[in-house]
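Note sheet for the following structure.
Quantities reported herein were computed from a predicted structural model and do not represent experimental measurements. Positions are given from 1 along the sequence. The analysis underlying the following values was restricted to heavy atoms, covering all of them including side chains, and did not include hydrogens, waters or symmetry mates.
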Amino acid sequence: MEQRTLGQGLTVSAVGLGCMGMSQTYGPVDEAEARATLLRAIDLGVTFLDTADMYGPFTNERLVGDAIKGRRDEVVLATKFGQERREDGSFVGINGRPDYVRRACDASLHRLGVDHVDLYYQHRIDTTVPIEETWGAMSELVAAGKARYLGISEAAPATVRRAHAVHPMAASQNEYSLFSRDPEAELLPTLRELGIGLVAYSPLGRGFLTGAITSTDQLGEGDGRRRMPRFDGDNFARNLTLVGKVRELAEARGVTAGQLALAWVLAQGADVVPIPGTKRRAYLEQNAAAAEVELRPDDLAELDDLTPSGAVAGERYTPEGMARVNL
């Protein structure tokens with residue numbers, strides 16, 4: 001697997017693994033298969049593993065930590081704090097207070113069974129706490145050896161600048177795909193100016209861009225995508241037409257639609273690293289193989305024409321979720 005360098009010299013696999021779906025959001029989980037998927041990822045060189053304390057909540061960190069026992073030195077381990085949840089799954093709120101930063105990190109290290117994480121993200125921005133205070137506490141974690149690098153997720157360019165001034169930032173994690181191109185306007189230029197990498201979550205449009213989802217009936221009652229605007233009614237139908245065009249281009253290139261979508265993200269720059277999520281080995285192997293797909297300039301131009309910013313129908317999240325991003 002190719003390696004890429006994010007900000008501050010953090011080297012990671014060109015394709016990472018988002019672990020959230022192993023514990024929540026996308027329907028029932030086979031924990032044994034999820035664990036096998038994590039181990040298979042390491043064998044394939046997909047060693048950039050992404051989790052968060054809120055996933056589960058808390059169970060995803062335990063799953064990842066247990067799976068990597070004995071192989072800790074082979075992975076680049078990232079986790080996040082800031083979306084505070086209770087054990088029963090209920091949401092407390094966005095929390096960026098310095099005392100919470102310290103407590104959250106210690107709790108994550110305990111669940112993961114490690115003495116440090118390689119990348120520690122602020123998951124969402126607490127608008128009641130100056131970003132300088134939150135990042136001051138995060139910087140203390142680096143000084144204490146509990147985190148090697150720091151990152152942020154779904155922050156506005158101005159917030160990124162303020163945080164980076166407190167402690168150099170390695171990565172900004174944002175939704176970025178053929179279906180979600182918002183970072184291109186202002187965020188990506190800011191990151192490149194500051195020397196910060198972009199970690200692209202949901203690079204497959206939450207599974208839409210694989211072409212495997214052709215009806216919302218395929219989504220179980222507990223699947224969180226049922227509440228997302230892009231999977232709703234007329235939006236779903238319009239987006240399905242876009243996916244069909246992506247799939248046609250993929251078939252002409254002899255790859256899957258998902259591999260084409262991932263190859264497009266990879267082609268956006270050596271400072272961009274997608275972390276497609278999956279809980280099954282078969283899909284992991286397909287995603288890893290996308291790193292070998294080389295797109296021609298005409299391929300990229302055709303994809304750009306198919307999915308310009310604003311082409312996708314519906315917001316990424318519910319109104320409540322959208323109120324927590326780009327702050």
Side-chain angles (χ1 to χ4, degrees), residues 18-29 50-61 79-97 100-101 104 108 121-131 134 151-160 162-163 172-177 179-183 185-187 199-209 213 216 219-239 275 277 309-327:
C19 301
M20 180 186 75
M22 297 177 179
S23 299
Q24 66 169 54
T25 304
Y26 300 132
V29 175
D50 184 87
T51 181
D53 57 4
M54 72 163 287
Y55 298 161
F58 313 123
T59 55
N60 195 249
E61 287 183 325
T79 194
K80 316 177 199 72
F81 77 94
Q83 300 202 67
E84 188 177 1
R85 295 176 71 181
R86 301 181 183 90
E87 288 284 349
D88 64 5
S90 58
F91 187 65
V92 178
I94 306 299
N95 195 339
R97 296 191 301 273
Y100 179 72
V101 174
S108 286
Y121 290 104
Q122 182 177 7
H123 206 168
R124 291 292 186 271
I125 306 306
D126 185 346
T127 58
T128 69
V129 179
I131 195 71
T134 303
I152 207 163
S153 181
E154 292 287 1
T159 305
V160 169
R162 289 170 59 194
S172 176
Q173 185 174 135
N174 298 81
E175 186 167 353
Y176 186 44
S177 71
F179 265 23
S180 299
R181 300 183 62 170
D182 294 347
E186 296 182 35
L187 180 66
V199 175
Y201 77 85
S202 294
L204 295 173
R206 301 186 185 278
F208 223 143
L209 284 162
I213 302 171
T216 53
L219 307 178
E221 290 299 324
D223 195 308
R225 288 171 289 190
R226 283 181 169 270
R227 299 187 300 275
M228 294 179 178
R230 289 182 176 177
F231 289 82
D232 182 54
D234 292 342
N235 290 343
F236 182 88
R238 177 176 163 184
N239 295 334
I275 51 168
S309 183
V312 177
E315 294 282 11
R316 299 187 286 131
Y317 292 107
T318 62
E320 181 183 32
M322 290 303 297
R324 299 174 185 158
V325 302
N326 197 33
L327 297 175

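Note that CZ of R227 is 8.0 Å distant from OG1 of T318, once rounded to the nearest 0.5 Å. Distance check: N174 CG to Y201 OH gives 7.0 Å after rounding to the nearest 0.5 Å. The line from CE of M228 to OG1 of T25 is 6.5 Å long, rounded to the nearest 0.5 Å. Between the CE atom in M20 and the NZ atom in K80 there is a gap of 8.5 Å [rounded to 0.5 Å]. The structure places OG1 of T128 at 7.5 Å from CG of N95, a figure rounded to the nearest 0.5 Å.
Q173 has its side chain within reach of D50: a pair of non-hydrogen atoms, C-beta onward, lies under 4.5 Å apart. Using a 4.5 Å cut-off on side-chain heavy atoms (C-beta onward), E221 and R226 make contact. Using a 4.5 Å heavy-atom threshold, the side chains of S177 and L204 count as separate. A heavy-atom distance below 4.5 Å is found between the side chains of Y317 and E175. Looking only at side-chain heavy atoms (C-beta outward), E87 and P57 stay at 4.5 Å or farther from each other. I94 is not listed as a side-chain neighbour of L327, based on a closest heavy-atom distance of 4.5 Å or more. Proximity of P229 to M322: side-chain heavy atoms (C-beta onward) are nowhere separated by under 4.5 Å. A 4.5 Å side-chain heavy-atom check between I125 and I152 finds at least one atom pair inside the cut-off.
Residues V129 and G96 approach most closely at CG1-O, 3.6 Å, considering heavy atoms. Listed here is the closest heavy atom pair of V29 and M22: CG1-O, 3.0 Å. Taking all atoms of both residues into account, the shortest heavy-atom contact from A313 to R238 is CB-CD, 3.6 Å. Closest approach of R206 and F231 over heavy atoms only: O-CZ, 3.8 Å.
A search for side-chain contact (heavy atoms from CB on, under 4.5 Å) contacts involving T216 returns F236, not counting sequence neighbours. In this structure, the side-chain contact (heavy atoms from CB on, under 4.5 Å) partners of P157, at least two apart in sequence or on a different chain, are E186, L187, T190, N326. Legend: residues meeting side-chain contact (heavy atoms from CB on, under 4.5 Å) with D223, ordered by chain and number and at least two apart, are Y26, L219, R225. Residues forming a side-chain hydrogen bond (donor to acceptor under 3.5 Å, both in side chains) with T51 (at least two apart in sequence, or on another chain): N60. For D88, the side-chain contact (heavy atoms from CB on, under 4.5 Å) partners are R86, S90, not counting sequence neighbours. Under the salt bridge (Lys or Arg N to Asp or Glu O under 4.0 Å) criterion, D53 pairs with no residue, sequence neighbours left out.
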Report task. Test side-chain contact (heavy atoms from CB on, under 4.5 Å) on S180 and R230 and set out the steps. Result -> CA-CA 11 Å; S180 299; R230 289 182 176 177; 2.8 Å; yes
Report task. Output, in order, the C-alpha distance, side-chain angles, deciding distance and verdict of side-chain contact (heavy atoms from CB on, under 4.5 Å) for V325 and R124. Result -> CA-CA 7 Å; V325 302; R124 291 292 186 271; 3.9 Å; yes
Report task. Please test E154 against R316 for salt bridge (Lys or Arg N to Asp or Glu O under 4.0 Å), starting from the C-alpha separation and ending with a verdict. Result -> CA-CA 12 Å; E154 292 287 1; R316 299 187 286 131; 2.7 Å; yes
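Side chain to side chain, S108 and E61 meet the donor-acceptor criterion of an N or O pair below 3.5 Å.
Stacking of R324 on the aromatic ring of F91 is recorded, both the 6.0 Å distance cut-off and the 45° axial limit being met.
Between H123 and Y55, the ring planes lie perpendicular to each other; the angle is over 60°, past the 30° to 60° tilted range.
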